[in-house]
Amino acid sequence: MRVAVIGAGLGGLLTASLLSESGYTVDVYEKLNFYGGRFTSFEYRGFQISTGALHMIPHGKRGPLGKLLKSVGSDVEIIDSKPEGEILLNDRIEVRSSAFPLKSKFKFFKWLLKYRVLRIDPYMDAYEKELDDVSAGFLRSFLGWSLSISPSQIKFSKLLAIYNRVVECGGPGIPVGGCKAVVDDLVEIIKSNGGSIRLRNPVIRLITNGNTIKKLESQKDVAEYDLFISNLGHKLTGRLAGREYFEHNGCESKGVKYSISISKPFIGNTGVLFPLNCSRISGMNEVTNADPSLAPKGKHLLMAHQPLFTDNIRKEIEEGLKELRTLLRGFDYEIIAVQSFHDDWPVNRIMSGLDRGYKTPFKNLFVVGDGAKGDDIEVDGIALGVAKLLKEKFSEKVPVRVP
Ligand SMILES: Cc1cc2nc3c(=O)[nH]c(=O)nc-3n(C[C@H](O)[C@H](O)[C@H](O)COP(=O)(O)OP(=O)(O)OC[C@H]3O[C@@H](n4cnc5c(N)ncnc54)[C@H](O)[C@@H]3O)c2cc1C
């Protein structure tokens with residue numbers, strides 16, 4: 001059976017590798033001259049500057065992506081973060097749980113009870129007001145860092161699902177070699193199974209007959225396939241097929257990422273630092289504490305993330321830079337890249353909680369990637385979306401143990 005995968009992002013490559021391992025003939029079409037989409041990196045002055053992700057996997061090696069990578073034969077090493085996270089409050093670093101008053105912890109159990117018994121499920125801004133300042137600040141920072149959203153954009157039930165997944169699988173991890181090591185491994189697996197990666201060859205059109213996709217027209221050729229997997233999200237996929245079945249204007253989450261060269265460690269561990277006194281910068285990580293090769297000798301790669309809630313990107317960056325200057329006072333550092341993410345290169349194609357699954361109106365066309373996540377966040381959500389597709393549509397032929 002011949003499968004065309006449109007887009008060589010993480011979702012496309014993960015699906016292609018799993019299908020190719022199970023005997024499918026897979027061709028991956030990619031518009032750009034590199035694969036990996038928002039989950040790879042380029043070397044700049046010896047630093048691995050990522051195209052998107054902060055070189056982190058939300059649940060490390062025990063999460064859905066870690067498990068799928070193992071099942072497909074990838075041996076990329078993922079170093080689990082220790083501690084998972086800390087908060088920075090008035091220039092003092094505190095370990096997460098000890099900083100929260102018991103009163104706020106009890107509040108969480110009260111909301112849990114209300115949800116379980118009465119099905120009361122408000123957006124989190126309603127609950128944020130009931131919290132002490134530290135707990136409310138952590139809620140905002142955590143959501144800004146992990147999802148680029150604010151408490152008014154997520155319901156209690158969704159946050160609970162994330163919390164449960166953290167309890168089940170643990171916190172984040174950093175792949176040795178960064179995001180690029182993950183996608184390099186997947187491409188190697190696809191190629192070793194006879195699949196192809198066609199760079200600089202965008203798909204222009206999907207040729208349909210009723211509710212079936214018959215052919216794919218790319219910039220270089222027209223080809224017939226049995227199955228089509230799109231890594232572009234539902235909106236762009238619908239456009240390629242000439243049927244705009246899904247509009248999600250304004251549903252993507254947006255952000256800015258700062259890559260910083262620093263001589264001495266600022267965080268000094270492999271976890272996430274949440275600076276609660278900031279209104280723009282939601283979190284920072286220092287991946288070189290897990291893998292020194294992500295920066296040149298004698299330097300660390302510190303990254304900071306800022307969710308975007310307005311369209312005035314220039315002004316937002318000015319404010320973000322101001323906060324970084326305050327945070328990094330006294331350190332020898334240089335900001336080497338500032339990248340903004342929105343429109344068709346966002347932080348998340350569809351905000352967490354609004355995903356619509358892999359199905360399209362076409363019986364042989366499916367969507368993977370962060371426009372079709374499963375019930376988890378970021379690349380672990382992508383892995384769950386891929387796993388669900390394989391389980392429901394390919395389970396006879398793809399004997400992977402899906403998480
Ligand atoms: C600043 C930032 C920080 C992040 N941090 C993290 C993190 O630390 N951990 C984490 O888990 N996630 C993180 N994410 C999210 C994560 O990077 C993305 O969710 C993930 O990389 C998206 O993968 P995808 O499979 O949806 O594919 P994408 O990366 O969207 O790839 C789609 C591919 O399709 C190609 N394409 C588009 N149109 C066509 C066409 N017509 N024909 C052929 N190809 C086409 C594109 O060029 C692209 O390569 C972050 C994102 C950003 C922006």
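For ligands, and for the atoms within them, numbers begin at 1 and follow the listed sequence.
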Proximity to ligand 1 by part of C179, non-hydrogen separation under 4.0 Å: neither
Any N/O pair F341/ligand 1 closer than 3.5 Å: no
Test: K61 and D80 ion pair at under 4.0 Å: yes
Short side-chain to backbone donor-acceptor contact, E252 and H342, under 3.5 Å: no
Close approach of P58 to ligand 1, heavy atoms, under 4.0 angstrom: yes
Sub-3.5 Å N/O-N/O distance, K31 and ligand 1: yes
Contact partition for L232 relative to ligand 1, non-hydrogen atoms under 4.0 Å: side chain
W345, any N or O under 3.5 Å of ligand 1 N or O: no
Charged N-O contact under 4.0 Å between E224 and K214: no
Under-4.0 Å salt bridge between D380 and R165: no
Within reach of ligand 1, part of R349 (heavy-atom separation under 4.0 Å): side chain
Heavy-atom donor-acceptor pair, R38 side chain to P346 backbone, under 3.5 Å: yes
Proximity of I382 to ligand 1 by residue part, where a heavy atom lies under 4.0 Å: side chain
Geometric cation-pi criterion, R140 with F142: 6.0 Å, 45°: no
Sub-4.0 Å heavy-atom approach of P346 to ligand 1: yes
Salt bridge present between D343 and K254 (N-O < 4.0 angstrom): no
Proximal candidate to atom 42 (N) of ligand 1 [heavy atom criterion; set N33, V203, N348]: V203
